[in-house]
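Just below is one structure, and these are the notes that go with it.
Please read all numbers here as calculations on a predicted model, not as lab measurements.
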Amino acid sequence: MSKNMDLFQWSVRVYFEDVDSGGIVYYANYLKFMERARTEWLRADGLDVAELEKKDRILFVVKSLEIEYSRPARLSDLLSVSIVLEEIGRVSLDLFQEITYDKQVLCSGRLRLACLHADTLRPIRIPAGIIRSL
């Protein structure tokens, strides 16, 4: 399917639990910020991940990820996490995500989400209703 370049943005504050002893965000926590933003992105499109799993037996999981770190985030920073849906495949979504602070890119990543059946954990076609929502 063709590219969708709508931008979704979500804010997250850096808390003490997110940083190391030097007050710098631990690198793995950027992935947590990105994950939370993806959940909110789906919710903004009317898709609740808990309902998708429970009612529709669908999971979206990270199949692949490439990330680049450019600058550190620090304690108390208010970060902006953005998502652009770049491609919709039969069983996958390709996304570009970026985390910025004060309009400076801290990290960015490209990832592929796979659509899986919750019982078998095998890839399944993304339902038409979900594609329309996105």
Side-chain angles (χ1 to χ4, degrees):
M1 195 172 251
S2 64
K3 293 190 178 216
N4 176 350
M5 300 307 282
D6 290 340
L7 177 71
F8 174 83
Q9 289 188 298
W10 179 74
S11 297
V12 62
R13 176 82 56 194
V14 175
Y15 296 112
F16 190 71
E17 66 186 15
D18 302 317
V19 300
D20 61 19
S21 60
I24 304 293
V25 171
Y26 181 64
Y27 77 96
N29 287 334
Y30 293 95
L31 298 175
K32 292 179 183 182
F33 300 152
M34 288 177 165
E35 177 73 31
R36 292 175 193 161
R38 287 192 306 273
T39 298
E40 296 304 324
W41 167 66
L42 290 171
R43 186 183 315 277
D45 285 330
L47 302 168
D48 181 278
V49 293
E51 284 297 311
L52 287 174
E53 191 272 333
K54 186 162 109 179
K55 181 180 161 203
D56 301 316
R57 308 307 298 147
I58 291 173
L59 302 172
F60 282 103
V61 300
V62 175
K63 182 181 184 318
S64 62
L65 168 70
E66 180 181 319
I67 192 164
E68 183 173 328
Y69 299 97
S70 302
R71 297 174 174 272
R74 300 179 189 283
L75 182 63
S76 294
D77 287 353
L78 181 61
L79 308 179
S80 177
V81 186
S82 64
I83 300 171
V84 173
L85 173 60
E86 294 188 315
E87 194 76 36
I88 300 174
R90 275 183 358 104
V91 299
S92 64
L93 304 173
D94 290 342
L95 307 175
F96 176 76
Q97 287 194 259
E98 196 169 68
I99 299 177
T100 59
Y101 173 69
D102 197 26
K103 299 184 182 179
Q104 294 186 14
V105 175
L106 305 182
C107 74
S108 59
R110 284 202 150 65
L111 60 146
R112 175 165 287 170
L113 297 179
C115 183
L116 303 182
H117 191 281
D119 297 325
T120 65
L121 299 181
R122 300 190 61 74
I124 59 170
R125 181 181 289 270
I126 301 171
I130 291 176
I131 291 173
R132 280 191 301 274
S133 293
L134 297 175

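- Using a 4.5 Å cut-off between side-chain heavy atoms of Ile, Leu, Val, Met, Phe, Trp and Tyr, with links allowed through other members, I131 and F8 fall into the same hydrophobic cluster.
- Contact check for L111 versus R38: side-chain heavy atoms found under the 4.5 Å cut-off.
- Follow the hydrophobic side-chain contacts under 4.5 Å out from V12 and you reach Y26 in the same cluster.
- Within the 4.5 Å cutoff, the side chain of I58 has heavy atoms near those of the P127 side chain.
- The distance from atom CG of L93 to atom CD1 of I126, rounded to the nearest 0.5 Å, is 4.0 Å.
- Here R110 contributes atom CZ and S64 contributes atom OG; the two are 11.5 Å apart, rounded to the nearest 0.5 Å.
- Residue pairs meeting the salt bridge (Lys or Arg N to Asp or Glu O under 4.0 Å) criterion with at least one member in residues 89-101, sequence neighbours excluded: D94-R112.
- E35 has no carboxylate O lying under 4.0 Å from a charged side-chain N of K32, or vice versa, which leaves the two without a salt bridge.
- Without hydrogens or angle criteria, D18 side chain to Y15 main chain gives a donor-acceptor distance under 3.5 Å.
- For the pair D77 (side chain) and L79 (backbone), a donor-acceptor distance under 3.5 Å is absent.
- Of all heavy-atom pairs between V81 and Q97, the closest is CG1-NE2, 3.9 Å.
- Just one of D119, L113, L121, V49 meets the side chain to side chain contact (heavy atoms under 4.5 Å, CB included) condition when paired with L59; it is L121.
- Using modelled atom types, no side-chain atom of Y30 and backbone atom of C107 make a donor-acceptor pair closer than 3.5 Å.
- Two residues are said to be in side-chain contact when any heavy atoms from C-beta on lie closer than 4.5 Å; I24 and R74 meet this criterion.
- Here CD of E66 is found 10.5 Å from CZ of F96. Values are rounded to the nearest 0.5 Å.
- Distance check, rounded to the nearest 0.5 Å: OG1 of T39 to CH2 of W10 gives 8.5 Å.
- Within 6.0 Å of CZ in R57 there are more than 12 heavy atoms belonging to other residues, nucleotides or ligands.
- A continuous path of hydrophobic side-chain contacts links V62 to Y69 [ILVMFWY only; heavy atoms under 4.5 Å].
- From E87, atom CD reaches atom CG of L95 across 11.0 Å, with rounding to the nearest 0.5 Å.
- Cluster membership for I83 and M34, using ILVMFWY side-chain heavy atoms within less than 4.5 angstrom, is shared.
- Looking only at side-chain heavy atoms (C-beta outward), L42 and L134 come within less than 4.5 Å of each other.
- Grouping the Ile, Leu, Val, Met, Phe, Trp and Tyr side chains by contacts below 4.5 angstrom, directly or via other members, places I99 with Y27.
- Here the straight-line distance linking atom CG of L52 with atom CD1 of I130 works out to 5.0 Å at 0.5 Å rounding.
- The side-chain hydrogen bond (donor to acceptor under 3.5 Å, both in side chains) pairs that include a residue from residues 121-134 number zero, where partners must be two or more places apart or lie in different chains.
- Not a single donor-acceptor pair under 3.5 Å links the side chain of R43 to the backbone N or O of D48.
- Under a 3.5 Å cut-off, the side chain of Y101 and the backbone N or O of R71 do not form any donor-acceptor pair.
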